[in-house]
Amino acid sequence: MPEGPSIVILREALSPFKGKTVVEASGYAGIDYTRLSGRRITAIKSWGKHLLICFSGFYVRVHLMMFGSYFINERKRAGNPTLRLSFARDEVNFHTCNVKLFEGSPDDTYDWSADIMSDEWSAAGTKKKIKALKKNTSVCDLLLDQTIFSGSGNIIKNEVLFRTCIHPKSLSGSLPDKQLNALIKETRNYSFDFLKWKKAHVLAKNWQIYTKKECPRCQIPTEVAYLGKGMRITYFCNNCQQLYAS
DNA sequence: GATAATGTTAGCAT
DNA sequence: AATGCTAACATTAT
C-alpha cells in the first residue's frame, strides 16, 4: 500500500488521536503492549514510510511494508491485528505490518531533512548525500534509498525518471548538474502530486509511465525491465529518457 | 490457483 | 570490516 504520501494520509487520519490516552493495546507484534496502557499520545509523526506514534519517553514505529492496512473505528473481516490501540471511545487497527517500540524520541534518530514529504526536507542536503555515494549508483537504487529519498517508492521512482527524462539505467555520478537538480526537485514535487491524487482517488489515472504500454510523449511502446539491486519493475521510454552512464 | 505487486531486513556468504 | 545476496514475511487483485 504505502509510499511516503500514503503515510502522510495515514498520519493525518490519526491526528485526532494526539492527546488521547490508550486504554489498552494488543496484537501479535510481540512488543510490550502494557507499556502503552494508560499512556497519552503526545504526537503522531511520520518519516518517509514510517508512522510514529509518540508517547513521553518512547514511540511506536509502524511500517506497513508491502501489504499493510489500517482501520479506524472498524475491523478487518478476517485476521488479527498486528497492533490494536483501544481508546475510551475509539479503536485503531493495524494489519500486516512491522511494529516496533523504541525508547527515547524520534528526534534522536530521524533525519527529517531526508523525508520527501517533510517541511524540513532539504534539496541541498539531498544533493550532498548523493554526491557522497559511489558514482556508479544507479538512479533506480538512488530513488529507492530511504536514507536519501525517505518515502520514495517504486511508483515515485518510475514517474520521476519519466518526468525528468532520465533513463533508469543512468548512474548518479554521471548525471549532469542540471539533471541531478531536476531529479531531486521533481521527486518532492511528484510526491505532492501523488498525495493530492491519492486523496482524490485518481492516483493510477495520473500515472504517465508506470504500468503503461505506450509512452505518452512518443506513443512508442514502453520498455519494462527489472532493474537495480532489488530488481524492481521499471517502466520507461527508450526514446525520450536520456541515458547518462559514461 | 498461480502470479505479481506501492517493501525491508536478518542472516549468511564473500 | 564491509559489502552483497537470498530468503523470508504477508495480502490481495488479476
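In the text below, chain A, chain B and the rest are named by the order of the sequence lines, each starting its count at 1. Worth knowing before you read on, the calculation uses all heavy atoms, side chains too, and leaves out hydrogens, waters and symmetry mates.
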- [ ] Begin from the C-alpha positions of Asp193(A) and Arg163(A) and carry the test salt bridge (Lys or Arg N to Asp or Glu O under 4.0 Å) through to its verdict.
- [x] CA-CA 12 Å; Asp193(A) 281 343; Arg163(A) 282 181 168 207; 3.0 Å; yes
Open item on the list: If you define the side chain from C-beta out and look only at heavy atoms, does anything of Phe87(A) sit under 4.5 Å from Thr21(A)?
Closed with: no
Could you go over nucleotides 3-8 of chain C and give all protein N or O partners under 3.5 Å, atom names and distances?
none

Task: salt bridge (Lys or Arg N to Asp or Glu O under 4.0 Å): pairs with one or both residues in residues 11-27 of chain A, sequence neighbours excluded - done: Glu12(A)-Lys199(A), Lys20(A)-Asp90(A)
Open item on the list: Could you go through Tyr226(A) and Thr234(A), starting from their C-alpha distance and side-chain angles, then the distance that decides it, and tell me whether this counts as side chain to side chain contact (heavy atoms under 4.5 Å, CB included)?
Closed with: CA-CA 6 Å; Tyr226(A) 291 86; Thr234(A) 308; over 6 Å; no
Task: Contacts of Arg217(A) that satisfy side chain to side chain donor-acceptor pair (under 3.5 Å) - sequence neighbours left out - done: none
Task: Sugar-phosphate only, base, or nothing, as touched by Leu203(A) at under 4.0 Å among non-hydrogen atoms - done: nothing
- [ ] Round to the nearest Å and state the distance from Leu144(A) atom CG to dT6(B) atom P.
- [x] 10 Å
- [ ] Round to a whole Å and report the spacing from CH2 of Trp207(A) to P of dT6(B).
- [x] 8 Å
For nucleotides 11-13 of chain C, give me every protein contact, N/O to N/O, under 3.5 Å, one pair per line with atom names.
unit_1	atom_1	unit_2	atom_2	d
dT11(C)	OP1	Thr96(A)	OG1	3.4
dT12(C)	OP1	Lys76(A)	NZ	3.1

Open item on the list: So, does Arg232(A) get its side chain near the phosphate of dA5(B), meaning an N or O under 4.0 Å from OP1 or OP2?
Closed with: no
TODO: Output yes when a side-chain donor or acceptor of Ser150(A) lies under 3.5 Å from a complementary backbone atom of Gly48(A), and no otherwise.
DONE: yes
Task: For Trp207(A), all residues meeting ring pair (Phe, Tyr, Trp, His ring centres under 6.0 Å), sequence neighbours excluded - done: Tyr210(A)
Open item on the list: In this structure, how many angstroms lie between the C1' atom of dA4(B) and the CE atom of Met66(A), rounded?
Closed with: 9 Å
Task: Interatomic distance at P, dA7(C) relative to dA4(B), whole Å - done: 16 Å
- [ ] Mind checking ring pair (Phe, Tyr, Trp, His ring centres under 6.0 Å) for Phe236(A) and listing every partner two or more places apart, or none if nothing turns up?
- [x] His167(A)
Open item on the list: What is the separation between atom CD1 on Ile7(A) and atom C1' on dT8(B), rounded to the nearest whole Å?
Closed with: 13 Å
Task: Distance-only donor-acceptor check, side chains Tyr244(A) and Gln179(A), under 3.5 Å - done: yes
Open item on the list: When you measure from the side chain of Gln219(A) to the backbone of Glu214(A), do you find a donor-acceptor pair of N or O atoms at a distance under 3.5 Å?
Closed with: no
- [ ] For Tyr110(A), enumerate each residue passing the ring pair (Phe, Tyr, Trp, His ring centres under 6.0 Å) test, keeping only those at least two apart in sequence or located in another chain.
- [x] Trp47(A), His50(A), Trp112(A)
Task: Tyr226(A) OH - dT3(B) P separation (whole Å) - done: 13 Å
TODO: Give a yes/no on whether any side-chain N or O of Gln146(A) is located under 4.0 angstrom from OP1 or OP2 of dG7(B).
DONE: no
Open item on the list: Under 4.5 Å side-chain heavy-atom separation, chaining through any Ile, Leu, Val, Met, Phe, Trp or Tyr, what else clusters with Leu243(A)? Say none if it is isolated.
Closed with: none
Task: Flag for Asn93(A)-Lys76(A): side-chain donor and acceptor within less than 3.5 Å - done: no
Task: Tyr235(A) OH to dA5(B) C1', straight-line distance once rounded to whole Å - done: 9 Å
Donor-acceptor contacts, no H, no angles, side chain residues 52-65 of chain A, under 3.5 Å, sequence neighbours left out:
unit_1	atom_1	unit_2	atom_2	d
Tyr59(A)	OH	Thr109(A)	OG1	3.4
Arg61(A)	NH2	Asn98(A)	OD1	3.4
His63(A)	ND1	Met65(A)	N	2.8

Task: Atom-to-atom span, CG of Leu227(A) to P of dA5(B) - whole angstrom - done: 13 Å
TODO: Check each residue of residues 153-162 of chain A for a non-hydrogen atom within less than 4.0 Å of any atom in DNA chain B, then write out the ones that pass by number, or none.
DONE: Gly153(A), Asn154(A), Ile155(A)
Task: Lys185(A) atom NZ: more than 12 heavy-atom contacts under 6.0 Å - done: no
Task: Watson-Crick and G-U pairing of DNA chain C written in dot-bracket, each distance under 3.5 angstrom, with | for inter-strand partners - done: .||||||||.||||
TODO: State plainly whether the residues Glu91(A) and Arg84(A) are in salt-bridge range, i.e. N to O under 4.0 Å.
DONE: yes
Open item on the list: Whole angstroms only, please: what is the NE2-C1' distance between His63(A) and dT8(B)?
Closed with: 6 Å
- [ ] For nucleotides dT12(C) and dT9(B), find the distance between their C1' atoms and express it as a whole number of Å.
- [x] 23 Å
Atom pairs under 3.5 Å, N or O on each side, protein against nucleotides 9-14 of chain B: can you list them with distances?
none

